[in-house]
Asker: 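The structure follows.
Everything quoted here is computed from the prediction, not taken from an experiment. Whatever order the structure lists ligands and atoms in, that order sets their numbers, starting from 1.
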Amino acid sequence: MLTLERVGFAYPGQEPVLREISLSLRAGEKLGLVGDNGSGKTTLLHLIMGLLRPDEGRVILFGRPMLAEADFAPLRGRIGLLFQDADDQLFCPTVLEDVAFGPLNQGKSREQAEKIARRTLERLGIGALAERVAHQLSGGEKKMAALAAVLAMEPAVLLLDEPTTGLDFHTRQRLLELLAGLDLAMLLISHEYDFLAEVTKQVLVLRDGHIVTEAAAPHTHVHVHPAGTHPHRHQP
Ligand SMILES: Nc1ncnc2c1ncn2[C@@H]1O[C@H](COP(=O)(O)OP(=O)(O)O)[C@@H](O)[C@H]1O
Ligand SMILES: [Mg+2]
């Protein structure tokens, strides 16, 4: 689905952020990605989307090397990126329009696109936000609305840049169950190891511009939260 071959990248006039990054993501595979602030995680996703171009190496999507914008353009709908900042994703007057935007762009009629948008919002448990003004939503609501906008395009690969930031406990659990249940290839950036452990099968670490394999296997701690009615496990 997605392969990076020895990808190197530096922002103009700066030291390289990424050096010789190689990784591959197969159909249905879910990988986690962790790394300190500024280690280049977001940059990596932007290279995969073609928002940035590598200085070295290649990005290969669905078996095709991505050399120019013309290569990326037809594939963008098949790769969904949830931006780190939801404000980068939501730009229409209402949530419904934002979520319908992708399907409309993919050639669906307005009626079809709105139907898909409503269905996607319902699936994420935020149907009630459809007519709301996107920029007035809370941080967590925006995150979920942005995710709806991404999923409405039915991508084959999902790139998620810190999706749990700003989410309350229940929304986070809902997101966790949704992502764990999605049969999609996924690259998930998060600082929350428990979330990564529940959703992904392997976690990569970005450090000093390189992908390093985690030396120690993740181990479980009991988590603490307010009393609630949501059924979940405290032990593996
Ligand atoms: N547009 C940009 N121009 C110049 N430097 C940038 C830009 N975006 C990010 N950087 C720098 O590149 C490094 C990696 O950033 P980023 O990929 O956002 O890291 P992360 O997502 O892991 O926190 C940081 O040092 C950051 O300051
Ligand atoms: Mg980032």
Side-chain angles (χ1 to χ4, degrees), residues 2-25 29-61 66 68-69 72 76 79-91 137-151 155 157-167 171-172 175-176 179 184-200 202-216 218:
L2 157 64
T3 305
L4 301 188
E5 282 179 357
R6 303 169 70 91
V7 165
F9 177 80
Y11 287 101
Q14 293 187 27
E15 285 291 295
V17 179
L18 302 172
R19 305 164 195 261
E20 302 208 348
I21 300 283
S22 295
L23 64 84
S24 66
L25 188 66
E29 189 178 20
K30 293 171 180 158
L31 286 181
L33 181 65
V34 299
D36 290 347
N37 293 327
S39 59
K41 306 181 297 298
T42 296
T43 302
L44 185 66
L45 296 193
H46 288 186
L47 284 162
I48 294 171
M49 288 300 284
L51 303 175
L52 298 170
R53 287 299 139 71
D55 300 323
E56 286 166 37
R58 301 197 299 173
V59 175
I60 300 166
L61 298 177
M66 298 290 112
E69 173 57 27
F72 279 102
R76 282 243 169 73
I79 307 182
L81 169 63
L82 182 72
F83 282 89
Q84 182 160 12
D85 183 351
D87 286 326
D88 290 339
Q89 206 122 36
L90 304 170
F91 42 80
L137 301 179
S138 77
E141 288 173 332
K142 272 187 198 167
K143 249 304 144 30
M144 293 301 277
L147 180 61
V150 173
L151 290 180
V157 179
L158 192 55
L159 309 174
L160 300 153
D161 199 345
E162 302 192 21
T164 57
T165 310
L167 297 190
T171 309
R172 181 183 182 279
L175 179 67
L176 197 158
L179 295 182
L184 281 183
M186 210 177 276
L187 189 56
L188 168 59
I189 295 175
S190 178
H191 297 292
E192 301 187 55
Y193 276 93
D194 61 332
F195 194 87
L196 289 168
E198 297 254 17
V199 177
T200 68
Q202 197 195 344
V203 177
L204 308 173
V205 182
L206 196 52
R207 189 180 300 141
D208 301 329
H210 296 279
I211 298 267
V212 293
T213 314
E214 186 76 308

Asker: Measuring from the heavy atoms of G40, does anything fall under 4.0 Å of ligand 1?
Answerer: yes
Asker: If you measure only the distance, is there a donor-acceptor pair under 3.5 Å linking the side chains of H210 and E20?
Answerer: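 No donor-acceptor contact under 3.5 Å links the two side chains.
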Asker: At what distance is the nearest protein heavy atom to atom 1 (N) of ligand 1, and which residue and atom is it?
Answerer: Y11 CE2, 3.6 Å
Asker: May I ask you to list the atoms of ligand 1 that are less than 4.0 angstrom from any heavy atom of D36?
Answerer: 22 (O)
Asker: Against heavy atoms of N37, which atoms of ligand 1 measure under 4.0 Å?
Answerer: 23 (O)
Asker: Do you see a protein non-hydrogen atom under 4.0 Å from atom 22 (O) of ligand 1?
Answerer: yes
Asker: Is the number of heavy atoms from other residues, nucleotides or ligands within 6.0 Å of CZ (R53) greater than 12?
Answerer: yes
Asker: Just jot down the ligand 1 atoms closer than 4.0 angstrom to any heavy atom of T43, in number order.
Answerer: 14 (C), 15 (O), 16 (P), 17 (O)
Asker: Return the minimal non-hydrogen interatomic distance between K41 and V34, and the atom names on each side.
Answerer: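 K41 and V34 have their closest heavy atoms at CD-C, 3.8 Å.
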Asker: Go through it in stages, so that I can follow the logic: the residues are K142 and D87, the test is salt bridge (charged side-chain N to carboxylate O under 4.0 Å, His left out), and I'd like the CA-CA distance, side-chain angles, deciding distance and then a yes or no.
Answerer: CA-CA 8 Å; K142 272 187 198 167; D87 286 326; 3.0 Å; yes
Asker: How far is atom 25 (O) of ligand 1 from its nearest protein heavy atom, and which residue and atom name does that atom have?
Answerer: G38 O, 3.8 Å
Asker: Nearest 0.5 Å please: distance from the CG atom of L18 over to the CG atom of L206.
Answerer: 6.0 Å
Asker: Could you check whether any heavy atom of L44 sits closer than 4.0 Å to an atom of ligand 1, since that is the contact criterion I want to use?
Answerer: no
Asker: Between T42 and ligand 1, which residue portion shows a heavy-atom distance shorter than 4.0 Å: side chain, backbone, both, or neither?
Answerer: both
Asker: Closest heavy-atom contact between P163 and K143?
Answerer: O-CD, 3.4 Å
Asker: Before signing off on this row, confirm whether K41 and ligand 1 have an N or O atom pair separated by under 3.5 Å.
Answerer: yes
Asker: Can you measure from CG (L33) to CG (L23) and round to the nearest 0.5 angstrom?
Answerer: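 It is 8.0 Å, given to the nearest 0.5 Å.
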Asker: Could you tell me the separation between the CG atom of L25 and the CD1 atom of I48, rounded to the nearest 0.5 Å?
Answerer: 8.0 Å
Asker: Kindly compute the distance separating OG1 (T165) from CZ (R172), expressed to the nearest 0.5 Å.
Answerer: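 Answer for the OG1-CZ pair, T165 versus R172, is 10.5 Å.
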Asker: In the protein, what heavy atom is nearest to atom 5 (N) of ligand 1, and what distance, to one decimal place, separates them?
Answerer: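 Checked against all protein heavy atoms, atom 5 (N) of ligand 1 sits closest to Q14 NE2, 3.2 Å.
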Asker: Should we count CD of E69 as having more than 12 external heavy atoms under 6.0 Å?
Answerer: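 Count over threshold, so yes.
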Asker: Working to the nearest 0.5 angstrom, can you tell me the gap between L188 CG and E198 CD?
Answerer: 12.0 Å
Asker: Could you tally the protein N/O/S atoms lying less than 2.8 Å away from the Mg ion (ligand 2)?
Answerer: 2
